[in-house]
Number of protein chains: 2
Amino acid sequence: MAKPPSLQDVARTAGLSPATVSRYLNGSLSLPPETAGRIDHAIETLNYQPNPHARSLSRGRSDTIGLLVPEIDNPFFARLAAAVEREASAAGLSLMLYSSLNRKERELHYLERLRRNFVDGLIFATNHVDDGELTAAIGRSSNVVLVDEDIDGVDAPKVFSDNVAGGRLAARNMTSAGHRNLAFIGGPEGIMSSRERLAGFREEAAMAGAEVTVALFGAYSIHHGRDALRQLLDWHPDVTGVFVASDELLFGALETLRDRKIPMGGGLSLVTFDDAGPLAFLDPPVTAIRQDVAGLAREAVSALRGRIAGIEDPPVARVPVELVERRSVSPLV
Amino acid sequence: MAKPPSLQDVARTAGLSPATVSRYLNGSLSLPPETAGRIDHAIETLNYQPNPHARSLSRGRSDTIGLLVPEIDNPFFARLAAAVEREASAAGLSLMLYSSLNRKERELHYLERLRRNFVDGLIFATNHVDDGELTAAIGRSSNVVLVDEDIDGVDAPKVFSDNVAGGRLAARNMTSAGHRNLAFIGGPEGIMSSRERLAGFREEAAMAGAEVTVALFGAYSIHHGRDALRQLLDWHPDVTGVFVASDELLFGALETLRDRKIPMGGGLSLVTFDDAGPLAFLDPPVTAIRQDVAGLAREAVSALRGRIAGIEDPPVARVPVELVERRSVSPLV
DNA sequence: GTGAAAGCGCTAACAC
DNA sequence: GTGTTAGCGCTTTCAC
């Protein structure tokens, strides 16, 4: 591997100074066609590519942003990563992918990279409750945007799904099918998404004269989904419709249904949240509140770019969700 | 935001030269405890963090590797990304995530970044047939490792699942349940994974006196899965077991089964490949050949690190696959 | 319109 | 053990 050509080399073979070539390349200069041609030609023949590290060092930024998620192999975050990469790439930014495994030390670690300009900004998704340390660390960094889940007290642009509206849509779908005795299986109690999804669900249910009898909080996990539904069936056998606050929870719930030989839909009506998994292929296909992951990514990248450019964005963007009606809610006769 | 402290600052407040501090930080030096203490203290009080770009520029490498996949929001690649990130992070490497959308220009683009030392190495997954341009580009770069799918003629370390063994496992599972008339629904015909999975399937079937009557190639897509199974049912109604070469294809096939009201298992026995989706939650749960994604990632990162360090690895690593038996294959009586 | 020169923050000879 | 010096390859004043 020969040493790659530098700007110097290009300048030399074009008979110009590095400075001129640099400016030309960065568009901060319009050269006479003849000169420009010489440069282009030199670049071509040398097969020149700028060295991004030198560039970053010199400019103090890297045109690279980071995305920090709890775990990439969770269909929702996988889709988020894909969408963020797409947006970033379209904006000329590269994406560093970090996974925190929901552990605070790792989150703090990655915030440090931001502080050192390793990345120009960080899109931050977490879903555990914070004891304040994270809030403080984020406070110290500018150029962070929170996505998907809030952290109390953080002063940064935030991009969330409209969870309340999602809860409402779920409730409306069930109540209009005649369900009156409803339940909610959610994520951690302290967390925004759980709270808001339940709030919307409850409000809208009440408006239709229905009631949310039980709310079971826990981890956003298959495990909790399974156990919560078991508990629900044991203790509240008269519930006919349940709103499950994530795909993970749904899969757990499905296990319980299968164990008890209760058919989804006919036996118990279900609506889930996320719609990141292959819900259309389940039997019956599962009605879901679909998060607009592309929209979240778009807003998040745009907010981050604004932040990097020093523009003040509106503090919180809410991205609409959508009801995808399939066949897991049966009319109650 | 005040300007962050530099190595210079640390050196100054510790009463040393930058060089000494640098060496100390890089472990290429053991200092008398007193001196070391002064440095540590200075770092502490200044809250110093090294600037990675300066470091990269100076050292000519960035301790960052790239992962290029067709699409991140495909459960298999999402899991691969997660596992690669984990391995990289454990080895002190950061991960840049690129998605090619299976488009050659994008793949070439990212190879350029490698050439320019933006990343020290690249783990490359693609699944389209190459016209030679890619082969050439990869040939020009060292520090590429191919994962998951081969590109003909590329000279680079390669890490693949043991597709042939996977095909065999699928065949054995079906033949021992009594199936004799089998079919294969695969990905693109020209591609290694398709070829090998079919080859193993066919060989092992033959050994049990069964026959693979049909092999339907196409994209690794839901669409192809759906259409292929339709075609299969129309033209070869006597087939009783089909081996579907990816989860995507499976989901397509499930659509067709549902349309035709054919129960999976009882009506038609199915085995799939990948096991990256929530197959355990389908009804019935689907038997699959499971790729060891963590193993693929481990081998790939290790091969890449070896390559970066100038060590010659064995050219091709094969990662074992595993049969996960569920209930989509019924005994044929 | 173009060039010279001084950095960006770090590492790596080479000295002592 | 520690300091001096010279880059790494680019951008960016400041001149002309």
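Below, read A as the first sequence line, B as the second, and so on, with proteins coming before strands; counting in each chain starts at 1.
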So the side-chain hydrogen bond (donor to acceptor under 3.5 Å, both in side chains) pairs with at least one residue in residues 66-88 of chain A (sequence neighbours excluded) are A/E85-B/S99

Contacts of A/D155 meeting side chain to side chain contact (heavy atoms under 4.5 Å, CB included) (sequence neighbours excluded), chain-then-number -> none

Per-nucleotide protein contact along nucleotides 8-13 of chain C, 5' to 3', at a 4.0 Å heavy-atom cut-off (B base, S sugar-phosphate only, - neither), is BBBBBB

Double-helix bend of the helix from C/dG1-D/dC16 to C/dC16-D/dG1, axes at both ends from 5 pairs, round to 10°, gives 30°

A/R106 meets the salt bridge (charged side-chain N to carboxylate O under 4.0 Å, His left out) criterion, sequence neighbours left out, with none

Contacts table for residues 8-16 of chain B: side-chain donor-acceptor under 3.5 angstrom, sequence neighbours left out:
unit_1: B/D9; atom_1: OD1; unit_2: B/R12; atom_2: NH1; d: 3.3
unit_1: B/D9; atom_1: OD2; unit_2: B/S6; atom_2: N; d: 2.7

Across all chains, not counting sequence neighbours, the salt bridge (charged side-chain N to carboxylate O under 4.0 Å, His left out) partners of A/E105 are A/R103

Whether B/T45 side chain and B/A42 backbone form a donor-acceptor pair below 3.5 Å: yes

Output a table of donor-acceptor pairs, distance under 3.5 Å, between side-chain atoms of residues 60-67 of chain B and any protein atom two or more places apart or on a different chain; print 'none' if there are none.
unit_1: B/R61; atom_1: NH1; unit_2: B/D63; atom_2: OD1; d: 2.7
unit_1: B/S62; atom_1: OG; unit_2: B/F118; atom_2: O; d: 3.3
unit_1: B/S62; atom_1: OG; unit_2: B/D120; atom_2: OD1; d: 3.1
unit_1: B/D63; atom_1: OD2; unit_2: B/R59; atom_2: NH2; d: 3.1
unit_1: B/T64; atom_1: OG1; unit_2: B/S62; atom_2: O; d: 3.1

Rounded to whole Å, CZ of A/R61 lies from P of D/dT11 at a distance of 11 Å

*Short side-chain N/O contact from B/T35 to OP1 or OP2 of D/dG1, under 4.0 Å*: no

Contact check, residues 39-46 of chain B vs DNA chain C, heavy-atom distance under 4.0 Å, returns none

Residues at least two apart in sequence or cross-chain that pass salt bridge (charged side-chain N to carboxylate O under 4.0 Å, His left out) with B/R113, listed by chain then number, are none

Taken to the nearest whole Å, OH/A/Y24 to P/D/dT12 is 18 Å

Here the side-chain hydrogen bond (donor to acceptor under 3.5 Å, both in side chains) pairs for residues 299-309 of chain B, sequence neighbours left out, are none

Residues at least two apart in sequence or cross-chain that pass salt bridge (charged side-chain N to carboxylate O under 4.0 Å, His left out) with B/D150, listed by chain then number, are B/K158

